[in-house]
Chemist: 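Can you read through this structure? Questions will come right after.
Values below: every heavy atom of this structure, side chains too, minus hydrogens, waters and symmetry copies. Since the model is a prediction, treat every value here as computed from it, not as a measurement.
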Amino acid sequence: MTTQQEAAERPAAGSRAIPAFVGQVLSGVVLLVLLTLHMIAQHFIVPTGLRYYEDVIAWLRNPVVIAVEVTFLVFVTYHAITGVRAVLFDFGFSERTERRLTAVFWVVGIGTVVYGVALLAAILNAA
Amino acid sequence: MASTTVEPRRPSTAPAQRRGVVGWFDPRGRRLGGLAFIVNRLSGLGLVLYLYMHLMILSLLVQGPGAWDTFVDIALSPPVLVFDVVLLVGMLIHGLNGIRVGLVGLGLVASRQKALFIAAMVISAFVAFVGALRIFGGE
Amino acid sequence: MTDTATDLRTTRFVVARRNEGDDPDELRYDTFDVAVGPRTTILDALVAIRRELDPTLSFRHSCFHASCGTCGMRVNGREGLACVTPVPGGAEVTVEPLANIPIVSDLVVDMNVFYDEFDEAGRPLVRASESIPAADTAEGIAELGRFEDCIECGICLSACPVAGSDPRYVGPAALAAAWRLIDEPRGADPGPVLRLMDDEQAAWRCHLAWECSEACPSGVDPAAAIMRLRGAAAAARARRLFSFGGNR
């Protein structure tokens with residue numbers, strides 16, 4: 001396929017969708033805060049850091065911690081999946097392929113968050 | 001003077017020479033911005049892999065203290081601590097360069113992109129150094 | 001002043017070649033040994049090769065002083081204008097056509113693909129205030145007049161890592177051209193161009209590698225222009241959002 005034929009497959013310009021870049025910036029700002037909190041919690045709250053089972057479970061029983069960690073999971077998953085999407089879209093796929101990939105990424109992203117929340121529930125139930 | 005007509009163009013059928021995906025990561029001939037692009041992309045992809053690895057490892061907590069504490073003892077071994085330092089470096093590079101990408105990418109400080117990248121890397125190096133001392137110091 | 005015989009050294013030029021009918025996925029390389037001096041440019045050497053060694057070598061050039069943008073190519077992997085790029089030190093120099101633009105023959109690329117991106121932006125560089133009505137120009141040529149820093153050499157598109165993998169990306173030159181209109185409309189309506197470039201395949205595809213600006217021989221700084229274009233696009237979206245569906 002020539003470059004001009006490839007260029008002809010380009011979707012109409014002027015997309016009204018919010019640019020993924022803006023979402024990455026906003027989620028990135030949130031992650032700067034949440035990741036810092038996460039690292040402080042993991043390494044500086046308990047003298048030796050949150051390492052062994054008893055310390056981790058005691059920490060996770062705090063509802064505020066649960067809320068923060070789930071929020072962190074949502075934002076980090078969004079940022080990660082959107083980032084991978086941006087990298088893959090640089091391969092120059094067709095518009096149809098990009099729409100399909102976006103749908104797959106939504107499934108993977110939601111699945112990741114669901115898995116994380118279910119895992120948290122399972123951990124607390126097993127403790 | 002008689003005017004002449006511009007003839008219609010015939011599209012080229014020859015392909016272009018493209019560096020492709022490999023070209024993203026080829027540092028030869030790159031300047032600071034190109035290097036920033038490479039490290040941001042590599043650190044981002046590495047952190048995505050770590051995210052899913054981290055979620056899988058956390059499932060050991062469901063199996064109880066035996067499984068988890070055994071893993072923690074392995075995680076405190078020197079080779080794994082090296083990985084922790086690499087992870088820290090990746091988070092710092094991606095996060096601090098991300099600040100540059102966010103500010104510059106929204107047109108706020110477009111003329112300062114080099115300085116922002118240098119500052120991000122200097123701060124990353126310093127914090128990574130302090131972090132490595134703490135990691136290998138047993139803290 | 002010309003280089004004297006004592007200043008000359010022999011450099012091996014490894015030059016990319018492609019003729020019609022060649023395997024489209026492969027470039028072959030021919031080597032030429034050329035005597036060069038301290039002031040010899042790549043273009044000087046290519047002219048010498050064509051004159052004395054291989055008259056079939058294809059390359060473009062015109063002004064010999066970096067104002068026409070015709071002689072863009074890659075030398076040892078880095079983009080530049082051949083007419084002002086000195087022959088590097090070292091025994092061997094690789095010369096290749098610009099990347100990311102279809103190759104017509106040897107070092108000649110199909111610039112129509114590059115110019116088409118400017119068409120999409122509506123060729124906003126053309127400004128009525130800068131045209132010369134009295135000039136007698138060929139039909140269709142008047143609209144191609146330019147009075148901007150950008151010499152449309154295609155070097156920025158060649159240097160761009162995103163264009164290296166995605167041919168659909170509009171590219172730095174067209175985006176910088178769009179920004180020039182938006183920044184200084186001079187009576188034109190910048191709205192349609194801003195909306196056109198506010199797109200995932202246009203302004204938002206750039207990943208800030210800044211290679212375009214580093215490679216630009218004319219001081220255009222397309223990367224900064226793209227970022228400012230993004231800022232304008234984001235601001236326009238914010239205005240629409242907070243005006244509850246305003247008409248921009």
Chemist: Are the side chains of B/K114 and B/R31 in contact, using a 4.5 Å heavy-atom criterion?
Modeler: no

Chemist: Checking heavy atoms, do the side chain of B/L58, its backbone, both or neither come under 4.5 Å from chain A?
Modeler: both

Chemist: Of all of B/V48, B/I99, B/D69, which one pairs up most often with chain A through heavy atoms under 4.5 Å apart?
Modeler: B/D69

Chemist: Taking every non-hydrogen pair under 4.5 Å, which of A/D90, A/V84, A/V25, A/V76 racks up the most with chain B?
Modeler: A/D90

Chemist: So which of B/G98, B/G102, B/G64, B/G20 has the biggest tally of heavy-atom pairs under 4.5 Å with chain A?
Modeler: B/G64

Chemist: Check A/T82 against A/A20 and note the closest heavy-atom contact, atom names and distance.
Modeler: CG2-CB, 3.9 Å

Chemist: Is there any residue in residues 27-35 of chain A with a non-hydrogen atom under 4.5 Å from a non-hydrogen atom of chain B, and which ones are they?
Modeler: A/L32, A/L35

Chemist: Sort by residue number and list every member of residues 54-73 of chain A having a non-hydrogen atom under 4.5 Å from chain B.
Modeler: A/V56, A/L73

Chemist: Does B/L49 reach the side chain of B/M53, with side-chain heavy atoms less than 4.5 Å apart?
Modeler: no

Chemist: Given the side-chain rings of A/Y78 and A/W106, with only the six-membered ring counted for Trp, is the space between their centroids under 6.0 Å?
Modeler: no

Chemist: Of the backbone (N, CA, C, O) and the side chain (C-beta and beyond), which part of A/N125 lies under 4.5 Å from a heavy atom of chain B, both, or neither?
Modeler: neither

Chemist: Enter the distance from B/M56:CE to A/Y115:OH here, rounded to the nearest 0.5 Å.
Modeler: 7.5 Å

Chemist: Mark yes or no: B/R41 above the aromatic ring of B/W24, with NZ or CZ under 6.0 Å from the six-membered ring centre and no more than 45 degrees from the axis.
Modeler: yes

Chemist: Side chains of A/L88 and A/F105: does their closest heavy-atom pair fall under 4.5 Å?
Modeler: yes

Chemist: What is the distance from atom CZ of B/F71 to atom CG of B/L76, rounded to the nearest 0.5 Å?
Modeler: 9.0 Å

Chemist: If you draw a 6.0 Å radius around CZ in B/F25, do more than 12 non-hydrogen atoms from other residues or ligands fall strictly inside?
Modeler: yes

Chemist: Should we count OH of B/Y52 as having more than 12 external heavy atoms under 6.0 Å?
Modeler: yes

Chemist: Side chain, backbone, both or neither: which part of A/Y52 has a heavy atom under 4.5 Å from chain B?
Modeler: both

Chemist: Under 3.5 Å, is there a donor-acceptor pair between the side chain of B/R134 and the main chain of B/V130?
Modeler: no

Chemist: Measuring only between side-chain heavy atoms, which start at C-beta, is B/F83 closer than 4.5 Å to B/Y50?
Modeler: yes

